[in-house]
Amino acid sequence: QVQMVESGGGSVQAGGSLRLTCEVSGITYSHNCLAWFRQAPGKEREGVAGISTNDGRTVYADSVKGRFTITLIQDNAKNTVYLQMNGLKPEDTATYYCAKDAGSCLARSLSKLEWFGYWGQGTQVTVSS
């Protein structure tokens, strides 16, 4: 059974940095897209960044390119996905979720929430101005 557990959220001032961690277990297939999504109050959930487990290919939302970096560490049956967030802005405030899709990340993956069948519980990120 796939399990995804996020950690690392918190409160920072604008311009600061945070690193989110998602520990993923139970993956049995080699081709997956592990991604970060976020949802601010009153807004729809949106894709932030994704990484393919087979070749490390990454995709990013335009709003975070150059500021956020997604990385993946694979250790036997455990995958750990990090989201390094630099230059944080108040508009980055949201609950951040990690998610898994069965298949490598595509350019349009971040806009296809319905492709992602497994989700973590979320971690809150608050950026103050």
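Nothing fancy with the numbering, it's 1 onward along the sequence.
Using modelled atom types, one finds a donor on one side chain and an acceptor on the other under 3.5 Å when comparing Asn86 with Ser17. Side-chain atoms of Gln124 and Thr95 form a donor-acceptor pair, as typed in the model, at a separation below 3.5 Å. At a cut-off of 3.5 Å, with distance as the only test, a side-chain donor of Tyr96 or Arg38 sits close to an acceptor on the other residue.
At least one donor-acceptor pair closer than 3.5 Å links the side chain of Gln121 to the backbone N or O of Glu6. Without hydrogens or angle criteria, Thr80 side chain to Glu23 main chain gives no donor-acceptor distance under 3.5 Å. Between the side chain of Asp55 and the backbone N or O of Arg57, at least one donor-acceptor pair lies under 3.5 Å.
Geometrically, Arg45 engages Trp119 in a cation-pi contact, judged by NZ or CZ lying under 6.0 Å from the ring centre and within 45° of the ring axis.
Look at Lys65 and Asp62 and you find a salt bridge, because one of the NZ, NE, NH1 or NH2 atoms lies within 4.0 Å of a carboxylate O, short of that distance. Taking a cutoff of 4.0 Å between a charged side-chain nitrogen and a carboxylate oxygen, Lys112 and Asp101 do not qualify as a salt bridge.
Hydrophobic clustering (side-chain heavy atoms under 4.5 Å, transitive across Ile, Leu, Val, Met, Phe, Trp, Tyr) groups Ile27 together with Met4. Cluster annotation: Leu83 is connected to Leu72 through the hydrophobic network of ILVMFWY side chains, with a link wherever side-chain heavy atoms come within less than 4.5 Å. If you chain together hydrophobic residues whose side chains sit under 4.5 Å apart, Val12 and Met85 fall into the same group.
When each of Val64, Val81, Leu34, Leu20 is tested with Ile70 by the rule side chain to side chain contact (heavy atoms under 4.5 Å, CB included), just one qualifies, namely Val81.
Taking the six-membered ring where the residue is Trp, Phe116 and Phe37 present perpendicular rings, their angle passing 60° and hence far from 30°.
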Under the side chain to side chain contact (heavy atoms under 4.5 Å, CB included) criterion, do Asn79 and Ile73 qualify, and how do the steps go?
CA-CA 6 Å; Asn79 293 265; Ile73 302 297; over 6 Å; no

